[in-house]
Every structure is written in C-alpha cells, then in structure tokens.
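Note that the structure is a prediction, hence the values are computed from the model and not measured.
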Amino acid sequence: MGLLPTLRYKRIYDIPLEKLNEMNISLVLVDMDNTIARWHSDDVLPETEKWINDVKNANISVALLTNSKGVNADSIGKKLDIPVYKGANKPFKSKVKRLLNVLDVLPCNTLFVGDQLFTDISLANKLKAKSVLLEPLDNREWWATKVFNRTRERLVWRFLFK
C-alpha cells in the first residue's frame with residue numbers, strides 16, 4: 001500500500017498554483033473533514049476560499065470528494081461553487097475511478113488533497129494520481145479516524161518522513 005504523498009503542505013492555501021501547472025493538473029479533488037473545513041463544520045477559512053477561486057480561475061477544476069454523506073458537504077460545495085461527490089468510499093478506488101471516467105480526467109492529471117495517509121493518500125497512489133498531504137485543521141474528528149487511521153499513521157510516520 002503506497003502511503004507516500006507527492007507533496008506535503010500545512011494548509012491547502014500553501015499549495016502554489018505554479019506547482020499545479022508544473023504537474024499538469026486539470027482536476028483537484030479535495031477532502032472535506034479537517035482538510036477544507038473542521039470536522040462537522042461547513043465553515044471554510046477565507047484563505048481557503050481564495051485559493052479555491054484562484055485554482056478555478058486558472059482553469060483547473062476543483063471538486064469536494066468526501067466519504068461523508070451529510071449536509072455539510074453540500075453547504076461547502078454551494079459556498080465554494082464546486083461539485084460535491086459524497087460517499088466516496090475512500091480508500092477504495094472503484095467509485096472514484098468511475099467518477100474520473102465520467103469526468104474524462106486521467107488519474108495522472110488529478111491531484112488528491114487530504115489530511116489522512118490511509119484514505120486520501122492511499123487512494124491517490126492506488127489510482128496513480130498525485131497527492132498532497134495536509135496537516136489536519138483540528139484534533140477533533142470521528143472516533144474511528146482517531147482510533148484506526150491516526151494510530152496507524154503514528155506507526156508509519158517515521159519510516160515515511162525521515
């Protein structure tokens with residue numbers, strides 16, 4: 001299982017637009033919880049909103065890709081004027097692979113942005129797409145994320161990021 005991200009930044013708005021152009025990115029798929037908004041929130045930082053708009057103005061598509069099925073995703077999508085794809089079933093690739101086919105975007109031209117190695121980054125690597133690992137916006141998150149993903153992340157962190 002590939003867990004090494006293509007790039008690492010603290011926040012989404014730290015990702016330089018030039019980097020997206022260098023990597024020939026035509027679609028950015030952004031995780032929701034603790035990536036673009038805090039867990040169980042639809043509040044998006046102004047810097048994040050500006051970055052999303054700058055990416056769209058650079059003719060790069062942006063969409064929200066989340067395992068969530070809740071209303072926060074719809075609210076964020078509406079605020080940012082981006083499509084929302086809920087119930088993504090990350091890190092499993094079948095739904096997202098079908099989505100990329102429908103959108104007619106190659107995985108190599110897709111950038112996954114998220115805060116979790118075992119969902120966001122693992123999925124990107126399975127699809128042979130590019131990825132950015134961000135620091136979580138907050139320590140509050142779903143109990144299963146804390147117990148399963150964050151515990152495993154701590155175990156592999158020192159091997160991945162020497």
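- Across every non-hydrogen atom of Ser131 and Ala124, the tightest pair is CB-CB, 3.7 Å.
- Distance CD1/Ile52 to CG/Leu45: 11.5 Å, rounded to 0.5 Å.
- More than 12 heavy atoms of other residues, nucleotides or ligands shown are found within 6.0 angstrom of CG on Asn101.
- A salt bridge links Lys50 to Asp54: at least one charged side-chain nitrogen sits closer than 4.0 Å to a carboxylate oxygen.
- Interatomic distance, CG of Leu137 versus OG of Ser41, reported as 9.5 Å (0.5 Å rounding).
- The side-chain heavy atoms of Lys86 and Ser68, taken from C-beta on, include no pair separated by under 4.5 Å.
- Of all heavy-atom pairs spanning Val62 and Pro83, the tightest one is O-CD, 3.3 Å.
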Quiz item: Can you list the steps and then say if Arg11 with Glu47 is a side chain to side chain contact (heavy atoms under 4.5 Å, CB included)?
Solution: CA-CA 9 Å; Arg11 299 286 177 249; Glu47 299 92 338; over 6 Å; no
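- Heavy-atom minimum distance, Gly77 versus Val84: CA-CG2, 3.5 Å.
- By the side chain to side chain contact (heavy atoms under 4.5 Å, CB included) test, Asn53 is found to be paired with Glu49, Lys56, residues two or more places apart in sequence or in another chain being considered.
- The main-chain N or O of Cys108 is never found under 3.5 Å from a side-chain atom of Lys128 such that the two would form a donor-acceptor pair.
- When hydrophobic residues (I, L, V, M, F, W, Y) are linked wherever their side-chain heavy atoms come within less than 4.5 Å, the members clustered with Leu100 are Leu27, Leu29, Leu65, Tyr85, Val96, Leu99, Leu103, Val105, Phe112, Leu123, Leu127.
- For the atom pair Leu106 CG and Ser26 OG, the distance stands at 7.5 Å (nearest 0.5 Å).
- At least one donor-acceptor pair closer than 3.5 Å links the side chain of Lys95 to the backbone N or O of Gly87.
- To the nearest 0.5 Å, the span separating CH2 on Trp39 from CG on Asn34 amounts to 9.5 Å.
- With respect to the salt-bridge test (charged N to carboxylate O, under 4.0 angstrom), the residues Arg38 and Asp33 do not qualify.
- In terms of the side chain to side chain contact (heavy atoms under 4.5 Å, CB included) criterion, residue partners of Tyr9 (sequence neighbours excluded) are, by chain and number, Leu7, Asp14, Ile15, Pro16, Lys19, Val132, Leu134.
- In the hydrophobic clustering, where aliphatic and aromatic side chains (Ile, Leu, Val, Met, Phe, Trp, Tyr) are joined below 4.5 Å either directly or transitively, Val102 stands alone.
- To the nearest 0.5 angstrom, Leu117 atom CG is 9.0 Å from Ser122 atom OG.
- Taken from CD1 in Ile121 to CD in Gln116, the straight-line distance is 10.0 Å, to the nearest 0.5 Å.
- Applying the side chain to side chain contact (heavy atoms under 4.5 Å, CB included) test to Lys79 and every residue at least two apart in sequence or in another chain returns Asp42, Asp43, Ser75.
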Quiz item: Given the rule in the side chain to side chain contact (heavy atoms under 4.5 Å, CB included) test, do Val113 and Asp120 qualify, once you have shown the distances and angles that lead to the verdict?
Solution: CA-CA 7 Å; Val113 180; Asp120 308 306; over 6 Å; no
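- By the rule that hydrophobic residues join a cluster once side-chain heavy atoms approach within less than 4.5 Å of another member, Phe118 and Phe92 end up as members of separate clusters.
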Exercise. Using the side chain to side chain contact (heavy atoms under 4.5 Å, CB included) rule, take Leu80 and Ile36 through it: C-alpha gap first, then chi angles, then the decisive distance, then the call.
Key: CA-CA 11 Å; Leu80 298 175; Ile36 201 166; 3.6 Å; yes
Practice problem: Evaluate side chain to side chain contact (heavy atoms under 4.5 Å, CB included) for Asp31 paired with Lys90, printing each intermediate quantity in order. | Solution: CA-CA 10 Å; Asp31 177 49; Lys90 298 180 287 181; 2.8 Å; yes
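- For Thr35 (side chain) and Gly114 (main-chain N/O), no donor-acceptor pair under 3.5 Å exists by modelled atom type.
- A search for side chain to side chain contact (heavy atoms under 4.5 Å, CB included) contacts involving Ile25 returns Leu20, Met23, Val28, Ile60, Leu111, Lys130, not counting sequence neighbours.
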